[in-house]
Number of protein chains: 2
Amino acid sequence: MGRPTIADIARQAGVSKGAVSFALNGRPGVSEQTRERILRVAQEMNWRPHSAARALGGARAGAVGLVLARPARTVGVEPFFAQLLSGLQAELSACSTALQLLVVEDTAAEIEVYRRWSSEHRVDGFVLVDLQVHDPRIAVLEELGTPTVVLGGPRRQGSLPTVWADDRAAMLSIVEYLAALGHRRIAHLAGLPAFLHTQRRIRALRDAARRLELVEAYSVPTDFSDAEGAAATRALLARRERPTAIVYDSDVMAVAGLGVAAEMGVAVPGELSLVSFDDSVLARIVHPPLTALTRDTFALGELVARTLLAAVEDPLGRLEVKTATPRLTVRESTAVPRR
Amino acid sequence: MGRPTIADIARQAGVSKGAVSFALNGRPGVSEQTRERILRVAQEMNWRPHSAARALGGARAGAVGLVLARPARTVGVEPFFAQLLSGLQAELSACSTALQLLVVEDTAAEIEVYRRWSSEHRVDGFVLVDLQVHDPRIAVLEELGTPTVVLGGPRRQGSLPTVWADDRAAMLSIVEYLAALGHRRIAHLAGLPAFLHTQRRIRALRDAARRLELVEAYSVPTDFSDAEGAAATRALLARRERPTAIVYDSDVMAVAGLGVAAEMGVAVPGELSLVSFDDSVLARIVHPPLTALTRDTFALGELVARTLLAAVEDPLGRLEVKTATPRLTVRESTAVPRR
DNA sequence: CCGATTTGCTAAACCGGTACAGCGATGCGG
DNA sequence: CCGCATCGCTGTACCGGTTTAGCAAATCGG
């Protein structure tokens, strides 16, 4: 015989299917004595629920979805995502919920996946990342009605539950640190301008520059790739008045920038200070190790998972959770600028 | 009304559920005319199959599983896995199959997940990676009978379909290249000795050393972490007779090694040549860029997916697919050793 | 001691598809 | 013109759970 079903258990234990269902789900309707007998039989027969059968009765699918839109071949799945995934799963698997992960080409394909998985009842909820300035995904997900947690608020529009960190405060802490060291010309290699967090960081830098009376502070948008990170760094360092410090929006770009500095013979941190907005193994292993913004991405993942599961339980809740502001870890890539 | 079902479509089109099922699945049993009408109605009502209902009829679950055993917080999901994932999904989503990804703490937990997902009918098959020397997972998966593709043969024992690359030939090409440059003292920072591919690489180096009459060639096992990569490199460079070339089993360790060399003032490639067994963005962005073994991991993922889907179709097939041997991409971290 | 409630269980409907037996209409060979 | 195969479709059982209506026995209150 193949997989045992509750009908097999019922026969074996001499009760009805309904009784077995009650017993296995810890619901009232059977005596304590019968429950124990049924549980023992189920145990002996090594029974497990058939997830599809469960999901069919209008119940939960037992999975949540995470869709990333990136060109397939260029996926670098940064340490950030690896950590996030890890945290998500730690929490999800504690609640026996699976994670469906999919990498697609672009936002249009991503939306299509939301529609499909939602109407196929394949998942109970979604995690939305890489929030854009005018994000077409929000409206779709609200319309679909599938519980969704947005990573990267604070809420702009829409009514989806949100988990966010204070990017603005983080950028301010970097700029204040550099200014305190004596830097007056600071460049910022930003990510894709379409991302909301990129905008917030750019604005934070501009505001801080005005307040701290910096001579020069500007953001250069990139596509987050190592190639653009390297090219933009090369352009900056070729200027006559070059910046004394560069802030990178990702660790990959920061490491690429460090490589360019080495290649051009610019001493780090002697002539140039580098800061990465993202900390990870990468920032630690290069020489000199990079000063970087550290956040507990694993914990962030756990928090997102908890928030999502809460939203699945109670789809009407309107949560907005703010996480700890990331803190700067000073390493050896930053120093007082040489006169 | 909520999601439309085939019953709704049947009512709307004035036919029976059975006819709708035939029409939607492109099976004979309805006239071309009726089929078109049904498809049009389904389109208008925006119908999608309920994945659970499909899976219930003994049919496919429409998903495959990939379980990685790594300590939760230390996941670095290397570029290798990111690329592999990407390739897997490109192929899987073309066949509308989802990927269930789970990161667990250790092999015991991994096996438990295989048992659970298999008996819950949550997936149609598994991808097995990080093959170990005496791998307890093989027997479990064979017993479960769920189609599984092993990445990293050649087949040792067991009868599961396998996809593998020739690690041995790859290592030989690296050593031959270094020997041709004039290197006679070569060290190898290997990965976990429990992994089959680590063993194969170690053996290949030993054999090549004998054949090429190297003065010294030895493998140092590590846990693949940046920390051990750095520590082992430091130890090697502190010797009186230090190696003139080091081969790293992963890009992360190679970059960490490069950092140590910079810190200790050892010139790369002047005094020390470095080779990474894994190519990725990392190897390209540091300075000097690393000579590395390049393989098309994306294509590997696609191939694994195709092989798995074939195994799901025909569980009795005994496939063994060998992929192209990776080729060495020479960059600036290797040179003739200084006398 | 009787009616009302609670307890412990059974039988059957149901979820949304798939698979298959069967049936009337049509076409075809002899 | 009859018997038989084929076509196009209907009706229904079925997958493995959950849920509900219902029922007999036990318990309770008055």
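Every chain is numbered from 1 and lettered A, B, ... according to where its sequence line falls, protein lines coming before strand lines. No hydrogens, no waters, no symmetry mates; every other heavy atom, side chains included, goes into these values.
- Each of D/dG16, C/dG16, C/dT10 was ranked by its minimum atom distance to the side chain of B/Ala53; first place goes to C/dG16.
- Distance CG/A/Leu144 to OH/A/Tyr114: 10.5 Å, rounded to 0.5 Å.
- Heavy-atom nearest nucleotides on DNA chain D were determined for B/Leu56 and for B/Ser16, and the one closer to the 5' end corresponds to B/Ser16.
- Relative to the side chain of B/His50, the nucleotides C/dG16, D/dG16, C/dT18 differ in distance, and C/dG16 lies closest.
- At a threshold of 4.0 angstrom between heavy atoms, the contacts of B/Ser31 are confined to the sugar-phosphate backbone, with no base atom among them.
- When each of A/Glu110, A/Glu143, A/Glu142 is paired with A/Arg137, the salt bridge (Lys or Arg N to Asp or Glu O under 4.0 Å) condition holds for A/Glu110 and for no other.
- The distance from atom NE2 of B/His121 to atom P of D/dG17 is 10 Å, rounded to the nearest whole Å.
- Regarding contacts with the backbone of C/dG17, every side-chain N or O of B/Ser21 stays at 4.0 angstrom or more from both OP1 and OP2.
- Separating the CD atom of B/Gln33 from the C1' atom of D/dC7 is a distance of 14 Å, rounded to the nearest angstrom.
- If you measure from atom CZ of B/Arg11 to atom C1' of D/dG11, you get 16 Å, rounded to the nearest angstrom.
- Taking the side chain of A/Arg54 as heavy atoms from C-beta on, and the options D/dC9, D/dG17, D/dG16, the nearest nucleotide is D/dG17.
- Of the candidates D/dT18, C/dA19, D/dG17, the closest approach to any side-chain atom of B/Arg27 belongs to C/dA19.
- Checked options B/Leu308, B/Val64, B/Leu88; the residue passing with B/Thr97 is B/Val64 (criterion: side chain to side chain contact (heavy atoms under 4.5 Å, CB included)).
- At a threshold of 4.0 angstrom between heavy atoms, the contacts of A/Arg60 with the nucleic acid are absent.
- Within the 4.0 Å cut-off from OP1 or OP2 of D/dG16, not a single side-chain nitrogen or oxygen of A/Trp47 is found.
- Checking A/Arg35 against A/Lys17, the closest nucleotide of DNA chain C that is more toward the 5' end is the one next to A/Arg35.
- The listed nucleotides are D/dG17, C/dT18, C/dC9; the one nearest the side chain of B/Asn25 is C/dT18.
- Note: CG (B/Leu24) to P (C/dG16) measures 15 Å, nearest angstrom.
- Across all strands shown, A/Val20 has no heavy atoms under 4.0 Å from either base or sugar-phosphate atoms.
- In this structure, the separation between CD on B/Gln89 and CG on B/Leu66 is 9.5 Å, given to the nearest 0.5 Å.
- Going from atom CD of B/Gln12 over to atom CZ of B/Arg37 covers 11.0 Å, rounded to the nearest 0.5 Å.
- Spacing between atom CZ of B/Phe22 and atom P of C/dA19 amounts to 8 Å, rounded to whole angstrom units.
- Going from atom CD1 of B/Ile9 over to atom P of C/dG16 covers 12 Å, rounded to whole Å.
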